[in-house]
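Scroll down for the structure; my scribbles are underneath it.
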Number of protein chains: 2
Amino acid sequence: MDEPDTEWGTAEGRAMIRLLWDPPPPPARGPRQRLTLDQVVSGAIEVASQQGVDELSMRKVAQHLGVGAMSLYTYVPGKEELFELMIDRAWAGRALPDRTLPWRAQVEFHAREAWAMYQANPWLIRSNLWRMPLGPHVLDAQEDLYRAVLLTGLPATTVARVAGLVEAHVFGAARSAVTDTSVSARTGVTQDDYWESRQSFWGTYYTPERFPAMTHIWEQGGFDEEYSDAAWEFGLRLLLDGVERMADGER
Amino acid sequence: MDEPDTEWGTAEGRAMIRLLWDPPPPPARGPRQRLTLDQVVSGAIEVASQQGVDELSMRKVAQHLGVGAMSLYTYVPGKEELFELMIDRAWAGRALPDRTLPWRAQVEFHAREAWAMYQANPWLIRSNLWRMPLGPHVLDAQEDLYRAVLLTGLPATTVARVAGLVEAHVFGAARSAVTDTSVSARTGVTQDDYWESRQSFWGTYYTPERFPAMTHIWEQGGFDEEYSDAAWEFGLRLLLDGVERMADGER
DNA sequence: ACTCACTTCGTACGGTGTACCGTATCGGAC
DNA sequence: GTCCGATACGGTACACCGTACGAAGTGAGT
């Protein structure tokens, strides 16, 4: 009789999948739409980029696009779905490596593309926390990464793990690198201001006796270049060196 | 004259640091407090654990503790600060490794403790996105990890990178592993229901022709054990193998 | 006994996502 | 050309959020 309206059942799931994979047919029979789905997604991304993902709201997206808030719901079932579309759009920008390159160069290309994607779309960092959306561009990129890792000749289980490691590593590095700047953009507080606001800690509670290792690394300049390009590529190299060794041992 | 009330300046920063590091003196001169700061933090963690971090609200925490919503603000400046206290509390549960063990065993111990922490507190996954709080328990654990990695004898910059890699890797693995279950707990939709709701995708848009690599890995059972303990320990091993080789080459 | 710092919490404000529904707009059928 | 009905638009409303404000009650110090 009265079915629950918030169910995630097959109905909503199917609607989302269609939205991602099928171009929505331009509806005949009614007044013409003022916008396109693409414009809505782009507008949302612009709002998220300019004001930060925390400030993203349906009302703000609508205002940015010059329509009423509720009008968005004719393009998109809800905010969550809009977010999935935004994610897939971001992944659409990822280029694929030249298939004639050796596997390692291809994987490194993928990693650099992922890094660039997170740099260009910091709001992504706050997303993939949920499930990765089953969007076409997401899957195409992942498929190609799996293809590249398969070139190693390693067993399937290992390939799945390695591909996951590469994606997770880049994501983790991007998260750390982007966090500071995005927080700054959101609150208008610069990184220096933040540290200054917390400096009472350094003078009061931080003592070299309690934190000798950190103090030592600090004095050696070990924290100076934290999360530059060099830092995350160092991790990638470490990772791929291990994979390469496994692959060599395999054959 | 009218100073901005939302400033993050030294005032608020100092208050937060004191809240984290100094036990709040039991206030004389007024009616006795009904709760303690510890109880507030514990209550918030219970709400986050039971209902999911998205459902965490000051009103719900207050109700859970049997007090009015606004009463919480006598213990804590705001929600953000409460969250930092929750994070530090979670880190407080991390045990430290036996210092007589070799460095690798110590680092692995740290990694396993981190994994256990994320398993026990899935709401953490949605947190560290901002800056890591400067809480005493967070810093004590990190200090000890740096100490353990320093035992390798590697240069300071490398030590900083390796420690970051280990933490980031465990976090990434935990994020992927925990996501499914936490979404289930939040929405009451099981993982199977979710996949069923999206199954129109598998029948309609997923074709082996478009995704040959994924299909191949799937057929080989490569995705079966995704994000079990074995999966993330595989990544850790790969990582530490590389570190070990660097350390050996060093001396 | 008085003072007054302090806790508690009801009320309220501006924000959110979005359900509901009246109104305007058009394509297709006649 | 006229009308029907599906559709887009968007105002209003509801439940919820974080939290500012202030009134009322409490209890130690004087």
Side-chain angles (χ1 to χ4, degrees), chain A residues 2-8 11-12 15-16 24-37 39-40 43-44 47-48 51-86 126 130 186-187, chain B residues 2-8 12 15-16 24-37 39-40 43-44 47-48 51-86 126 186-187:
Chain A
D2 53 348
E3 50 196 353
D5 46 2
T6 54
E7 78 161 353
W8 262 32
E12 281 198 17
M16 186 64 233
R29 210 50 193 285
R32 204 164 297 126
Q33 294 193 149
R34 282 198 195 160
L35 287 68
T36 63
L37 180 57
Q39 283 177 307
V40 172
V47 171
Q51 314 196 28
V53 71
D54 290 323
E55 295 299 316
L56 183 70
S57 74
M58 299 299 272
R59 284 173 173 86
K60 280 178 183 151
V61 173
Q63 189 179 357
H64 183 72
L65 292 168
V67 299
M70 292 313 295
S71 301
L72 296 181
Y73 288 87
T74 57
Y75 301 89
V76 145
K79 193 190 187 185
E80 197 156 335
E81 288 83 355
L82 176 55
F83 216 96
E84 292 204 22
L85 291 170
M86 292 168 62
R126 293 285 284 260
W130 319 336
R186 217 180 64 235
T187 61
Chain B
D2 53 347
E3 48 197 354
D5 47 2
T6 53
E7 77 160 353
W8 263 31
E12 282 197 16
M16 185 66 233
R29 211 47 194 286
R32 204 164 296 127
Q33 293 193 145
R34 284 203 193 155
L35 285 65
T36 63
L37 179 58
Q39 283 177 309
V40 172
V47 171
Q51 313 197 29
V53 70
D54 290 323
E55 295 299 317
L56 184 71
S57 74
M58 298 301 271
R59 285 174 171 86
K60 279 178 182 149
V61 174
Q63 189 179 357
H64 183 72
L65 292 169
V67 298
M70 292 313 294
S71 301
L72 297 182
Y73 287 87
T74 56
Y75 301 89
V76 147
K79 192 190 187 186
E80 197 155 333
E81 287 83 355
L82 176 55
F83 216 97
E84 292 204 24
L85 290 170
M86 291 168 63
R126 293 285 284 260
R186 217 181 64 234
T187 62

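Nothing here was measured: the structure is a model prediction, and the numbers come from that model. Chain A is the first sequence line, chain B the second, and so forth, proteins listed ahead of strands; every chain is numbered from 1.
Between the C1' atom of D/dC16 and the CG atom of B/Leu56 lies a distance of 14 Å, rounded to the nearest Å. Computed from coordinates, the A/Met58 CE to D/dC16 C1' distance equals 17 Å when rounded to whole Å. Distance OH (B/Tyr73) to P (C/dT11): 18 Å, rounded to an integer number of Å. At whole-Å resolution of the value, CD in A/Gln51 and P in C/dG15 are 13 Å apart. A straight line from CG of A/Leu35 to P of D/dC9 spans 7 Å, rounded to a whole angstrom. Atom CZ in A/Arg34 sits about 6 Å away from atom P in D/dC9, given to the nearest Å. Separating the CE atom of B/Met70 from the P atom of C/dC6 is a distance of 18 Å, rounded to the nearest angstrom. B/Gln63 has its CD atom 13 Å from the P atom of C/dC9, to the nearest Å.
When the nucleotides D/dT26, D/dA8, C/dC9 are ranked by their closest atom to the side chain of B/Pro31, D/dT26 comes out on top. Checking C/dT16, C/dG27, D/dG10 against the side-chain heavy atoms of A/Arg32 singles out C/dG27 as nearest. For B/Lys79, the side-chain atoms get nearest to D/dG18 when compared with the rest of D/dT26, C/dT18, D/dG18.
Looking at heavy-atom distances under 4.0 Å, A/Leu82 makes no contact with the nucleic acid at all. Contact annotation for B/Ser71: base contact, defined as any heavy-atom pair under 4.0 Å involving a base atom. Using a 4.0 Å heavy-atom criterion, one finds that A/Leu72 contacts no nucleic acid atom at all. Nucleic acid contact class of B/Thr74 (heavy atoms, under 4.0 Å, all strands): base.
Counting distance only, with no hydrogens placed and no angle test, the side-chain atoms of B/Arg59 and the base atoms of D/dT19 include a donor-acceptor pair under 3.5 Å.
Crowding of B/Gln39 atom CD: a count of heavy atoms from other residues, nucleotides or ligands under 6.0 Å exceeding 12.
With sequence neighbours left out, the salt bridge (Lys or Arg N to Asp or Glu O under 4.0 Å) criterion links A/Lys79 to no other residue.
In plain terms, the two heavy atoms of B/Val47 and B/Val61 that are nearest each other are CG2-CA, 4.1 Å.
Under 4.0 angstrom from either OP1 or OP2 of D/dC16 there lies no side-chain N or O belonging to B/Lys60.
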Legend entry - B/Leu37/B/Leu85 under side-chain contact (heavy atoms from CB on, under 4.5 Å): CA gap, chis, key distance, verdict: CA-CA 9 Å; B/Leu37 179 58; B/Leu85 290 170; 3.9 Å; yes
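With the nearest nucleotide of DNA chain C identified for both B/Tyr75 and A/Gly78, B/Tyr75 has the one nearer the 5' end.
Atom CE of A/Met86 is separated from atom CD of A/Glu81 by 13.0 Å, given to the nearest 0.5 angstrom.
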